[in-house]
Amino acid sequence: MNGTHSTARPGAQGLGPVTGCDLAGLDSLARPLSRDPFGRLRPPFSQEAARLSLELASTAYTLDLEPWAQAGWYDFSIQIDNALQSGLLSGESADFERMRALADALRLKRMKLSLRERNPVGQVLGALRQRERSDTVKAVCMMHALPGGRYLLAIGFMGTGRRLSDWISNFRFTTQEGFHKGFGQLCTAFEESAESLVFPATAAALGLEKLTLGEALMEMRSLSSRFRLWMAGHSQGGAVMQLLCHRLLTDWGVLAQNIVGYGFASPTVATGRLLHDPAAYPLYHILNSDDLVPYVGALAHLGLCLEYPSNRRMRQACYRLSTLPADVRVRREMAPYRRAMTGTLSVLTYSAAFLQCLAEEKGEEGLSHLMSRKWAVPAVDRLLTAAGERAMDWLNRFVQNGKNAYLELAGQPMDEARLSALREEMRPLVARTPMRRLMGGIVSYTLPPHRLTGDETHPGAYAYIVQNGLGALRPFIWLNPQPSPPRRLYARSARRPTAARPRRGTRRIGLSARRER
């Protein structure tokens with residue numbers, strides 16, 4: 001979920017709407033590899049690259065391409081579900097170019113409207129289409145010239161949208177080839193566009209008849225490639241970014257030196273049954289410690305994770321939580337359960353116990369009343385409307401899907417004795433708390449910590465971290481000691497590497513190996 005928060009100067013051209021950074025200042029994305037706190041070579045982390053990446057991830061939601069065009073970006077492509085508009089150029093002075101830019105703007109407007117579809121029939125049909133295969137990937141691609149005849153190819157992946165069908169892939173926890181199946185299917189939907197996604201202006205500058213994404217990626221197999229790939233994504237978009245990076249390195253043969261990626265609130269995507277080191281990917285993931293999403297999905301991230309230890313100041317600035325005593329009390333009583341959910345397996349266990357307790361305490365009548373209410377969160381409305389009057393059936397099916405996912409990821413079923421104990425522990429809270437207040441508490445622990453951007457009064461959690469908190473980031477990687485499940489290793493436990501000396505002017509933010517407090 002995403003909002004729009006503008007800090008750029010009024011009328012300023014070529015600046016990011018969220019951070020105010022120069023969208024043409026790309027040097028931080030094209031620097032040579034250096035060693036991280038764990039001794040692995042990867043693109044150097046910097047505040048400038050983090051800000052640019054936040055802007056790219058946000059643009060995947062807003063589709064506001066004008067600031068990028070003002071900064072010299074061109075050859076725009078937009079994919080929404082199965083619809084692709086590719087090779088859109090920025091406006092030029094000639095009448096023909098202005099007419100083409102106007103036609104492109106009209107097509108862009110229609111694509112924006114498709115993201116806000118609210119027709120119930122369309123929602124149901126969209127969800128049904130996702131039963132076998134997820135294809136709701138949304139991405140923005142563009143190109144920018146770099147010095148020395150090189151080019152930066154940018155891909156921004158959007159997170160989960162407002163439609164019910166956008167959420168189906170998130171809950172497809174089954175695995176495929178060692179990865180989360182739903183995210184993998186979204187990656188495939190984008191990958192299949194590689195030969196349809198074109199860069200006409202870049203092709204003309206290189207004297208080529210045509211240049212596709214696939215052709216640019218094939219050239220990235222060489223150290224002398226003229227192209228470098230920069231990716232960014234929020235939430236589900238960060239998951240797709242990871243899967244695409246894996247496929248580019250293993251299937252396409254793209255060199256890691258030609259890729260850099262930044263994810264925000266990225267879910268885990270790997271199941272632990274990998275042949276490669278999950279930390280060896282040229283990706284960064286900025287994570288809010290309050291946010292549950294980055295620890296759900298599969299079992300491990302690909303790349304280096306940078307965790308922000310949330311604090312009272314950030315929560316007050318970003319979360320906009322209810323101050324009613326009853327709401328504060330519910331959040332306080334839920335806090336121990338939230339702290340106990342540290343990964344996909346624990347989330348599945350606690351969710352199953354809560355839903356079972358909810359069904360036992362509230363009954364069909366209470367659950368049906370819940371389904372009939374309107375919620376401030378569009379995705380909740382879609383989900384409950386789809387359940388209709390079969391509230392109990394819906395809950396039971398959701399619990400069973402969670403158990404099936406747990407079995408596939410853990411290799412063993414959920415502990416029924418543990419589920420029973422958790423239900424009894426939760427029962428007093430569920431029994432005495434009105435349904436709407438109970439669900440409001442759950443929303444307060446999920447949506448505010450997960451927002452990418454916000455508004456003038458409450459910046460999104462991740463925009464706040466990028467602007468104010470990069471110095472506090474705690475690096476960690478996932479170790480994969482098979483047959484044991486993956487586990488996190490924080491920088492304080494890593495052997496201090498002999499890091500390559502940073503280039504002059506490079507700001508290394510929050511990446512020194514240090515002891516946690």
Side-chain angles (χ1 to χ4, degrees), residues 159-160 169-176 178-184 235-236 238-239 242-243 263-274 277-279 281 283-310 334-355 398-399 401-416 418-419 421-422 425-426 442 445-446 449-450 473-493 516:
T160 309
S169 59
N170 295 349
F171 299 111
R172 189 161 280 148
F173 289 105
T174 53
T175 62
Q176 188 171 27
F179 294 98
H180 185 287
K181 184 175 182 179
F183 298 146
S235 191
Q236 184 188 90
Q242 293 175 76
L243 268 296
F264 303 89
S266 307
T268 52
V269 300
T271 65
R273 295 183 289 273
L274 295 179
D277 177 7
Y281 292 79
L283 305 174
Y284 290 101
H285 303 287
I286 296 177
L287 315 175
N288 175 12
S289 64
D290 278 349
D291 189 4
L292 190 61
V293 171
Y295 305 103
V296 181
L299 299 177
H301 294 93
L302 304 182
L304 177 64
C305 297
L306 303 169
E307 183 181 66
Y308 179 77
S310 186
M334 286 184 167
Y337 301 115
R338 167 60 190 90
R339 288 194 294 268
M341 292 188 287
T342 58
T344 300
L345 298 180
S346 58
V347 169
L348 291 173
T349 300
Y350 276 79
S351 298
F354 175 77
L355 291 176
F398 197 90
V399 169
N401 287 341
K403 289 183 175 182
N404 293 341
Y406 188 102
L407 176 62
E408 182 153 359
L409 288 171
Q412 60 186 18
M414 278 187 190
D415 186 339
E416 292 295 334
R418 175 64 173 154
L419 280 177
L422 283 174
E425 185 179 320
M426 296 174 178
I442 293 174
Y445 271 114
T446 51
H450 186 60
L473 296 177
R474 301 184 300 184
F476 74 85
I477 59 175
W478 289 93
L479 298 181
N480 190 18
Q482 296 189 27
S484 301
R487 60 182 178 87
R488 297 177 211 149
L489 174 68
Y490 282 83
R492 66 171 184 172
S493 303
E516 290 182 78

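Quick caveat, the model's predicted, so the values are computed rather than measured. Along the sequence shown, residues are numbered consecutively beginning with 1.
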Heavy-atom pair with the smallest gap, counting every atom of [X] and [Y]:
X	Y	answer
Leu419	Thr349	CD2-O, 3.5 Å
Gly402	Met414	O-CE, 3.8 Å
His301	Ser266	NE2-O, 2.8 Å
Ala265	Asp291	CB-OD2, 3.4 Å
Leu409	Gly297	CD1-O, 4.4 Å
Pro278	Tyr281	O-CD1, 3.4 Å

Rounded distance [0.5 Å steps], [atom1] in [X] versus [atom2] in [Y]:
X	Y	atom1	atom2	value
Leu304	Ile286	CG	CD1	10.5 Å
Tyr337	Tyr445	OH	OH	12.0 Å
Asn288	Ser310	CG	OG	5.0 Å

Tell me, do [X] and [Y] make a side-chain contact under 4.5 Å, heavy atoms counted?
X	Y	result
Phe264	His285	no
Pro267	Phe183	yes
Met341	Tyr295	no
Tyr308	Asp290	no
Ile477	Leu489	yes
His180	Thr271	no
Leu302	Val269	yes
Leu345	Leu299	yes

key: Residues in side chain to side chain donor-acceptor pair (under 3.5 Å) contact with Tyr350, at least two apart in sequence or another chain   = Arg418
key: Results of side chain to side chain donor-acceptor pair (under 3.5 Å) for Glu416 - residues two or more places apart only   = Lys403
Test side chain to side chain contact (heavy atoms under 4.5 Å, CB included) applied to Thr344 and Val347, Thr342, Leu348, the passing residue = Leu348
ask   = If you draw the axis of the six-membered ring of Phe476, does the NZ or CZ of Arg488 fall within 45° of it and under 6.0 Å from the ring centre?
value = yes
query = If you draw a 6.0 Å radius around CZ in Arg487, do more than 12 non-hydrogen atoms from other residues or ligands fall strictly inside?
reply =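 No, not enclosed.
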Residues Gln412 and Tyr406: side-chain donor-acceptor under 3.5 angstrom =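 Not at all, the side chains of Gln412 and Tyr406 share no donor-acceptor pair under 3.5 Å.
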inquiry  = With side-chain hydrogen bond (donor to acceptor under 3.5 Å, both in side chains) as the criterion, how do His450 and Ser235 come out once you've worked through the C-alpha distance, each side chain's angles and the decisive distance to 0.1 Å?
reply    = CA-CA 8 Å; His450 186 60; Ser235 191; 2.9 Å; yes
